[in-house]
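These notes are about the structure you will find just below.
Owing to the predicted nature of the structure, the values given are computational and were not obtained by experimental measurement. A, B, ... follow the sequence lines: proteins, then strands. Residue 1 opens every chain.
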Amino acid sequence: MQWSSLVTQLFGPYHGMREDGDFLQGEVIFEGEPLTVIGTTNHAPIGVQLALAQARVILDTVTQHPGRPILLLIDTQGQQLRRRDELLGINRAMAHLGASIDLARRRGHRVIGLVYDQALSGGFITSGLIADACYALPDAEIRVMRIPAMARVTKLPEEKLTALSQSNPVFAPGVQNYVAMGGVRALWQGDLQACLREALAPAPTDDRRARDGAERGGRQLAAAVVQRVLDAA
Amino acid sequence: MISYAECSARERLALLLDPSSFHEWLPPSERITSPHLAQLGVPCAFDDGVAVGRAMLDGRSVFVAAQEGAFMGGGVGEVHGAKLVGLLQRALRDRPAAVLLLAESGGVRLHEANAGLIAVSEVMRALLDVRAAGIPVLVLIGGANGCFGGMGIVARCADYIVMSDVGRLAMSGPEVIEASHGVDEFDSRDRALVWRTTGGKHRWLTGDCDALVEDDVAAFRAAAIAAIGESRPLTLAALEQEHALLTARLHALPALPVDSAGSDEAMRLWSALGIPDAERVPELSVEAVRALRTI
């Protein structure tokens with residue numbers, strides 16, 4: 001879905017969101033309450049600059065509007081694959097973005113991620129995956145890599161991976177698989193305003209993804225292994 | 001002098017911690033392996049490539065994890081990641097003096113990539129919980145596989161990073177960047193360029209690591225002992241400071257026009273940071289480079 005169509009559905013035609021290159025930003029009113037929205041579009045690669053731009057808005061929101069909820073709109077092809085970004089410490093900039101979101105959460109801001117187009121690897125890990133909860137639209141795409149690329153890297157036959165991916169969500173891209181594994185809490189379908197309202201409602205902020213993955217059958221070991229380490233003699 | 005880079009994860013644990021003090025949780029005898037690798041017919045490891053447990057460091061109680069680079073490049077899969085999360089959650093509960101992460105990883109294990117990606121983000125969340133509780137998390141980087149991908153982000157979420165000059169810390173590996181944008185963007189076989197971009201000396205000069213040591217297990221041990229009390233709370237003020245540093249760095253290295261080939265960006269950045277004779281850095285000793293930092 002186009003971001004403009006999404007925010008129009010969520011916040012009406014006078015939403016006030018701005019697009020600056022691949023960066024989206026706005027202070028919107030949702031059902032009478034202000035909300036900070038940041039995001040990316042055009043499948044943006046997340047480099048140092050875009051990570052810092054997002055962190056800036058998060059820190060400003062924490063400073064100027066304590067407690068205001070934050071919505072992250074996600075559309076990224078992953079991290080920027082450039083030598084210059086590596087030289088500049090892209091991993092540090094990403095960590096800074098993640099730590100800024102984490103600080104907002106700790107200070108009582110509800111932080112919601114929404115994958116409205118696509119989410120890949122490094123671009124996703126310090127946005128939606130570090131929010132209180134991450135959601136996705138049904139026609140969005142989440143992946144690390146597609147099966148043909150995975151077959152090349154792992155030197156395993158593509159047919160085998162395709163066959164296994166039918167029963168094991170770990171092997172194949174897709175939002176439904178990320179729901180099964182607990183990485184995405186739910187898909188937003190139908191009335192998007194109702195979905196956002198529910199996501200913004202007060203709820204525990206502990207990390208329940210491993211438990212969700214076990215209950216939904218998509219990631220059966222993570223929660224149990226964590227518990228075994230906690231219980232080990 | 002024993003090379004840290006050449007040690008296995010378990011050798012590092014044996015040599016770095018107080019003698020015989022490492023007590024492992026979920027040791028290989030419990031055979032907790034990756035079900036996904038088994039499905040793929042790929043060989044498993046009985047520890048899924050990471051050892052976790054408690055130990056003593058200079059007489060103080062610490063929790064520790066060591067990733068084994070020889071198994072799938074230290075890649076994080078479902079079980080591997082869950083062991084790290086379990087260790088961090090246990091640290092939050094039991095409050096050791098510090099948590100040590102002997103990181104050696106290419107990031108997410110591509111054989112079980114979806115689970116690995118979520119797992120790395122769970123590690124990040126759990127690590128930030130430990131850090132917020134005032135328990136320092138120290139990351140040691142000096143393995144041959146470096147610390148890349150999601151683990152490169154995790155490392156920078158920690159309180160303190162110790163690197164050797166042969167260690168590498170970054171996000172995407174040079175091979176990945178070369179495959180994506182060509183050899184002119186990043187020649188992955190140019191070892192000097194790779195180390196100028198991601199190596200320990202560069203990370204020290206830019207302040208991306210907190211201690212630069214020789215490739216020597218004893219040097220890593222001494223640095224870890226020195227850092228054991230280095231809790232650095234992530235306050236709003238600390239994050240504003242970090243933001244200012246990263247913004248200044250971005251502006252210190254303006255993108256050059258395409259026809260400026262031959263000008264080395266790493267050396268330009270070091271010069272911009274006020275480091276004298278930046279072109280000599282690669283040939284200098286660890287001790288000499290240690291004295292050059294301006295940040």
Atom group of A:Leu88 that falls short of 4.5 Å from chain B, counting heavy atoms: both

Before you tell me yes or no, could you show the steps for A:Gln227 and B:Gln89 under side-chain contact (heavy atoms from CB on, under 4.5 Å), namely the whole-Å CA-CA distance, both residues' side-chain angles and the distance that decides it to 0.1 Å? CA-CA 9 Å; A:Gln227 195 58 49; B:Gln89 289 189 4; over 6 Å; no

Without swapping roles, check the side chain of B:Arg156 against the backbone of A:Ala93 for a donor-acceptor pair under 3.5 Å. no

N/O donor-acceptor pair under 3.5 Å between B:Glu122 side chain and A:Ala210 backbone: yes

Any non-hydrogen side-chain atom of B:Asp129 less than 4.5 Å from a side-chain atom of A:Arg106? yes

If you define the side chain from C-beta out and look only at heavy atoms, does anything of A:Arg83 sit under 4.5 Å from B:Glu265? yes

Contact winner vs chain A - B:Ala119, B:Pro174, B:Gly107, B:Ala82, heavy-atom pairs under 4.5 Å: B:Ala82

Relative to chain A, which of B:Met171, B:Arg125, B:Glu112 shows the most heavy atom pairs under 4.5 Å? B:Arg125

Do A:Thr63 and B:Glu240 touch side chain to side chain, with heavy atoms closer than 4.5 Å? yes

Between atom OG of A:Ser165 and atom CD of B:Gln39, what is the distance when rounded to the nearest 0.5 Å? 10.5 Å

Measure the acute angle between the ring planes of A:Phe171 and B:His36, then classify it against the limits of 30° and 60° as parallel, tilted or perpendicular. perpendicular

Name the member of B:Leu193, B:Leu84, B:Val176, B:Leu88 that forms the most heavy-atom pairs with chain A at distances under 4.5 Å. B:Leu193

For the residue pair A:Gln79 and B:Ser172, confirm or rule out a side-chain donor-acceptor distance under 3.5 Å. yes

Given heavy-atom pairs under 4.5 angstrom as the criterion, report whether the side chain, backbone, both or neither of B:Ala179 touches chain A. neither

Toward chain B, the part of A:Asn168 with a non-hydrogen atom under 4.5 Å: side chain

Is B:Glu30 paired with A:Arg228 through a side-chain N to carboxylate O contact shorter than 4.0 Å? yes

So A:Ile142 and B:Asn114, do their side chains get closer than 4.5 Å, heavy atoms only? no

Taking every non-hydrogen atom, the tightest pair across A:Ala99 and B:Leu234: CB-CD1, 3.9 Å

Can you tell which part of B:His202 gets under 4.5 Å to a heavy atom of chain A, answering side chain, backbone, both or neither? side chain

For B:Arg168, all residues meeting salt bridge (Lys or Arg N to Asp or Glu O under 4.0 Å), sequence neighbours excluded: none

Could you tell me if the side chain of B:Met151 sits less than 4.5 Å from the side chain of A:Asn91, heavy atoms only? no

Is any side-chain heavy atom of A:Leu52 closer than 4.5 Å to one of B:Thr247? yes

Go through the atoms of A:Arg56 and report whether side chain, backbone, both or neither lie under 4.5 Å from a heavy atom of chain B. both

Sort B:Val154 into side chain, backbone, both or neither according to what part of it lies under 4.5 angstrom from a heavy atom of chain A. neither

With rounding to the nearest 0.5 Å, note down the distance linking OG1 in B:Thr198 to CG in A:Leu87. 9.5 Å

When rounded to the nearest 0.5 angstrom, what distance separates CG in A:Leu103 from CG in B:Leu128? 10.0 Å

Might you point out which heavy atoms bring B:His181 and A:Leu81 nearest each other, and give the distance in Å? ND1-O, 2.9 Å

Do A:Arg92 and B:Thr206 come close enough that some side-chain heavy atom pair is under 4.5 Å? no

So for B:Ile32, is it side chain, backbone, both, or neither that comes closer than 4.5 Å to the heavy atoms of chain A? side chain

Is B:Ile118 close to A:Tyr178 at the side-chain level, that is, under 4.5 Å between some pair of heavy atoms? yes

Approximate separation, where rounding is to 0.5 Å, of B:Ile177 CD1 and A:Arg84 CZ: 13.0 Å

Given a strict heavy-atom distance threshold of 4.5 Å, which part of B:Leu269 is in contact with chain A: side chain, backbone, both, or neither? side chain

I need the contact set between residues 153-160 of chain A and chain B: heavy-atom distance under 4.5 Å, sorted by residue number. A:Val153, A:Thr154, A:Leu156, A:Lys160

Portion of A:Met181 that has a non-hydrogen atom of chain B nearer than 4.5 angstrom: both

State which residues pass ring pair (Phe, Tyr, Trp, His ring centres under 6.0 Å) with B:Trp195; sequence neighbours excluded, sorted by chain then number. none

Does B:His23 reach the main-chain N or O of A:Ala233 with its side chain, forming a donor-acceptor pair under 3.5 Å? yes

The interface call for A:Arg107 against chain B, heavy-atom contacts under 4.5 Å, is side chain

Test item: side-chain donor near acceptor, B:Ser121 and A:Arg209, under 3.5 Å: yes

Considering only heavy atoms, which portion of A:Met145 lies under 4.5 Å from any heavy atom of chain B: side chain, backbone, both, or neither? side chain

Here the gap from A:Ser100 atom OG to B:Glu242 atom CD, rounded to the nearest 0.5 Å, amounts to 8.5 Å

Please classify the contact of A:Ala51 with chain B as side chain, backbone, both or neither, using a heavy-atom distance under 4.5 Å. neither

What's the separation between atom CG in A:Leu230 and atom CH2 in B:Trp25, rounded to the nearest 0.5 Å? 9.0 Å

Filtered by a 4.5 Å non-hydrogen cutoff, the part of residues 214-226 of chain A contacting chain B is A:Arg219, A:Gln220, A:Leu221, A:Ala222, A:Val225, A:Val226

Verify, without hydrogens or angle tests, whether A:Glu86 (side chain) and B:Thr197 (backbone) share a donor-acceptor contact under 3.5 angstrom. no

Please state whether the side chain, the backbone, both or neither of B:Arg131 comes within less than 4.5 Å of a heavy atom of chain A. neither

Closest non-hydrogen atoms of B:Arg90 and A:Val229, given as atom of the first, atom of the second and distance, are NH1-O, 2.7 Å

